[in-house]
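Working notes for the structure below.
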Number of protein chains: 2
Amino acid sequence: MEKEVTIYDIAKILQLSPATVSRALNDHPAINSKTKLSIVTKAAELGYRSNTFASNLRRKSTSTLGVIVPRLDSSFMSAVLAGMEAVANQAGYNLLISQSLESQGKEKTNVKTMYNSRVDGLLVSVAYDTEGFEHFENFVKKNIPVLFFDRIFDHPACASIVIDNVQAGFEITSHLIEQGCRRIMHVTGNLKRNVYSGRYQGYQNALAKYGIPLDESLIMVTDLSQEAGEAAIEKLAEMDNKPDGIFIANDICAVSCVQALKKRGFKIPVDIAVAGFNNDPVSKVIEPNLTTIFYPGREMGEVAVRTMINHLKGVQKIDTTNTVILKSELIVRESTVK
Amino acid sequence: MEKEVTIYDIAKILQLSPATVSRALNDHPAINSKTKLSIVTKAAELGYRSNTFASNLRRKSTSTLGVIVPRLDSSFMSAVLAGMEAVANQAGYNLLISQSLESQGKEKTNVKTMYNSRVDGLLVSVAYDTEGFEHFENFVKKNIPVLFFDRIFDHPACASIVIDNVQAGFEITSHLIEQGCRRIMHVTGNLKRNVYSGRYQGYQNALAKYGIPLDESLIMVTDLSQEAGEAAIEKLAEMDNKPDGIFIANDICAVSCVQALKKRGFKIPVDIAVAGFNNDPVSKVIEPNLTTIFYPGREMGEVAVRTMINHLKGVQKIDTTNTVILKSELIVRESTVK
DNA sequence: TTTTGCATTGCAACCGATTGCATAAATTTT
DNA sequence: AAAATTTATGCAATCGGTTGCAATGCAAAA
């Protein structure tokens with residue numbers, strides 16, 4: 001194990017003070033360029049690496065952003081993370097990533113860990129069953145910026161990055177109606193989550209626009225898992241007055257609905273039109289291809305981190321632009337075109 | 001912005017020395033349990049949080065593991081990361097995650113960042129075109145453990161977590177042969193990567209076992225993207241002596257092959273049997289369902305981190321068990337059953 | 001009663017980089 | 001040539017915990 005090289009070593013060798021070495025390495029303007037060069041050269045030669053802890057300790061800032069997501073293993077989230085990582089890395093920030101596994105308890109623990117790790121900012125997409133905001137209070141109190149994305153929590157001190165779920169829900173439902181659907185089932189998730197309540201609202205708006213009464217028996221609140229999709233179709237099959245369209249708030253679940261429907265002999269889209277949400281890769285593979293909403297995951301990650309970093313660098317305060325709404329888009333495929 | 005509470009504040013309030021407070025908070029045995037209790041209580045009351053930098057600076061250890069993956073946005077990798085995160089989090093470790101985007105250059109930068117961040121250990125799955133080991137030398141020199149998973153780099157100082165790619169390639173090719181295939185195309189990736197060379201080797205072994213001569217014109221080295229799949233099928237369609245089976249080293253590419261084949265009127269599996277690799281979610285959605293190899297992503301992540309942590313804690317040195325081979329499994333589905 | 005030993009706690013020197021302020025040297029201005 | 005700037009560098013305190021060693025006090029042993 002080699003000993004670590006410090007600025008003191010470099011200073012001693014070059015007959016300079018540690019202060020000068022520190023400044024040179026940080027490209028401080030007050031240092032003579034020749035001196036600077038010799039220091040940088042020597043540092044490289046010795047394999048010097050800055051001690052982040054000493055630096056952070058002094059500076060009181062880590063260059064690290066905390067990220068808490070419900071699950072890492074989803075196509076959408078990995079796109080988001082990829083976008084986040086790209087921007088963060090480019091700006092010299094690191095990402096500390098953890099998952100809540102959709103549980104409020106784990107989310108709280110994660111938030112605490114992030115707090116103790118002194119992340120400079122926190123990016124969160126809340127868990128399925130998160131209720132309160134208390135676990136974030138520490139951050140707000142200490143003035144550490146918190147930004148929510150996708151599954152947000154409305155709070156005056158925090159920014160949010162979302163898509164217009166109401167609009168998207170409206171568009172997709174309208175599309176189904178325009179294709180002739182009159183009894184449209186809606187499979188969704190916990191309505192406390194903005195994403196699901198928004199889509200549901202959009203669904204309702206579309207029905208209203210076309211003068212179709214809302215039939216609550218067609219609304220199914222589930223966890224949007226594959227199993228939930230199968231269960232939903234099982235229920236559908238037992239209905240007397242069967243739906244002629246179904247809008248599922250997530251592609252994974254939608255795909256399992258399609259499979260279950262096909263297994264039971266339903267013809268898609270003739271017997272029933274099916275629409276999903278997210279534009280997950282599977283939506284282009286299932287037959288028939290799934291009508292869905294394009295969800296800019298990667299871009300969402302990029303914007304989230306960029307917003308956060310701008311805030312941290314003082315370029316633009318988070319509270320000025322409280323919400324960023326990204327564009328989503330209806331993608332019509334075979335599963336709904338009658 | 002509240003001021004941070006330090007052990008000095010606690011010490012002053014309780015009329016004790018910072019040393020005692022520090023020890024109490026770390027549950028040091030020499031501290032009287034009553035004193036300890038009063039300190040811990042007061043700390044909680046004041047909302048004290050330990051300053052990791054100060055601690056790390058002194059201790060010369062972070063509780064952070066670096067992870068470098070080719071891409072974050074793949075189903076396999078997100079499963080791996082989910083597994084890693086679960087184990088790391090439980091053991092009190094943080095994960096610093098970055099992606100190389102399949103480029104050696106970015107990988108080198110990432111490694112450097114990890115080095116400067118002083119991660120306690122590094123977990124890597126190498127990029128598509130990585131050639132040398134030099135960028136990891138710093139870690140080896142400083143005795144910081146490096147562990148490769150999936151896409152490994154053989155090096156005496158580093159451990160590896162893999163599946164038996166040769167065996168898997170052998171099984172899936174044998175299966176194709178047993179289904180009657182005699183001209184089996186193989187679409188693979190950069191053969192410098194163990195995963196692809198291993199699968200190719202398995203393919204060759206299977207041919208050899210059944211006395212089928214290797215026809216190199218049936219081997220296509222690609223980047224395994226969706227486009228590569230389409231290109232492969234285009235080429236296949238132009239062949240005079242068309243293959244009756246195809247083994248693609250990755251499900252994403254295999255799915256696009258299936259789609260391209262169907263578009264050209266090939267019947268699967270009758271005209272041509274198709275097998276993939278990874279058991280990606282899409283493999284269960286495509287029609288016909290894809291025969292593939294189950295790849296234990298989540299488990300791989302868990303094992304990787306567990307191995308790393310055991311090493312760090314001195315439970316079991318990494319160099320004793322140099323390679324861990326996880327079980328993979330052939331999953332036969334409709335795409336190959338004639 | 002004196003000595004020895006153990007249980008607790010404190011002292012003070014780290015860990016390595018940063019930065020306000022002072023100083024010295026070089027350059028320009030008067 | 002003296003004074004006023006400008007440029008470049010150093011001093012020393014600071015960030016907050018950790019830890020080897022010393023010191024204290026009290027109980028048990030001699």
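In the text below, chain A, chain B and the rest are named by the order of the sequence lines, each starting its count at 1. From a predicted model like this one, the values you see are computed outputs, not experimental measurements.
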Does the distance from a Lys or Arg side-chain N to an Asp or Glu carboxylate O, for B:Lys106 and A:Glu85, drop under 4.0 Å?
->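 So B:Lys106 pairs with A:Glu85 through a salt bridge.
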
Hey, is the side chain of [X] poking within less than 4.0 Å of OP1 or OP2 on [N], counting only N and O atoms?
X: A:Ser17; N: D:dC11; result: no
X: B:Lys60; N: C:dG16; result: yes
X: B:Thr35; N: C:dT9; result: yes
X: A:Asn26; N: C:dT18; result: yes
X: A:Asn51; N: C:dA17; result: no

Does the side-chain contact (heavy atoms from CB on, under 4.5 Å) test come out yes or no for A:Phe139 and A:Val111, once each step is laid out?
-> CA-CA 9 Å; A:Phe139 279 82; A:Val111 172; 3.6 Å; yes

With DNA chain C as reference, determine whether B:Ile31 or B:Ala54 sits nearer its 5' end, using the nearest nucleotide of each.
->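 Whichever sits nearer the 5' end wins; that is B:Ile31.
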
Whole-Å gap separating [atom2] ([N]) and [atom1] ([X]):
X: A:His28; N: C:dC21; atom1: NE2; atom2: P; answer: 13 Å
X: A:Lys12; N: D:dG10; atom1: NZ; atom2: P; answer: 15 Å
X: B:Glu4; N: D:dC15; atom1: CD; atom2: C1'; answer: 12 Å
X: A:Ile7; N: D:dA12; atom1: CD1; atom2: P; answer: 16 Å
X: B:Asn56; N: D:dT18; atom1: CG; atom2: P; answer: 9 Å
X: B:Ile39; N: C:dT9; atom1: CD1; atom2: C1'; answer: 10 Å
X: A:Leu57; N: D:dG16; atom1: CG; atom2: C1'; answer: 6 Å
X: B:Gln15; N: C:dC11; atom1: CD; atom2: C1'; answer: 17 Å

Begin with the C-alpha distance, continue with both residues' side-chain angles, and end with the deciding distance and a verdict on side-chain contact (heavy atoms from CB on, under 4.5 Å) for A:Glu4 and A:Asn51.
-> CA-CA 9 Å; A:Glu4 287 288 341; A:Asn51 186 319; over 6 Å; no

Mind checking if [X] touches a base, just sugar-phosphate, or nothing, with heavy atoms under 4.0 Å?
X: B:Tyr8; value: base
X: B:Leu16; value: sugar-phosphate
X: A:Thr52; value: nothing
X: B:Ser22; value: base

Is there a donor on the side chain of B:Arg58 or the base of C:dG16 sitting less than 3.5 Å from an acceptor on the other?
->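 No pair found.
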
Quiz item: A:Arg23 side-chain donor-acceptor pair to D:dG10 base, under 3.5 Å |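 Under the 3.5 Å cut-off, the side chain and the base do form a donor-acceptor pair.
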
Among A:Ile325, A:Ile152, A:Leu147, A:Thr323, whose side chain to side chain contact (heavy atoms under 4.5 Å, CB included) with A:Ile161 holds?
->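 For A:Ile161, the side chain to side chain contact (heavy atoms under 4.5 Å, CB included) check succeeds only for A:Leu147.
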
Ring geometry between A:Phe136 and A:Phe148 (parallel below 30°, tilted from 30 to 60°, perpendicular above 60°) =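 Geometry flag for A:Phe136 against A:Phe148: perpendicular rings.
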
A:Thr6 has a side chain; which of C:dT9, D:dG16, C:dA17 sits nearest to it?
->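 Shortest atom-to-atom distance from the side chain points to C:dA17.
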
Looking at D:dT19, D:dT9, C:dT9, which one has an atom nearest to any side-chain atom of B:Ala19?
->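 That would be D:dT19.
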
For atom CD of B:Glu137, is the number of surrounding heavy atoms from other residues, nucleotides or ligands below 6.0 Å larger than 12?
->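 Buried by this count: over 12 neighbours within 6.0 Å.
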
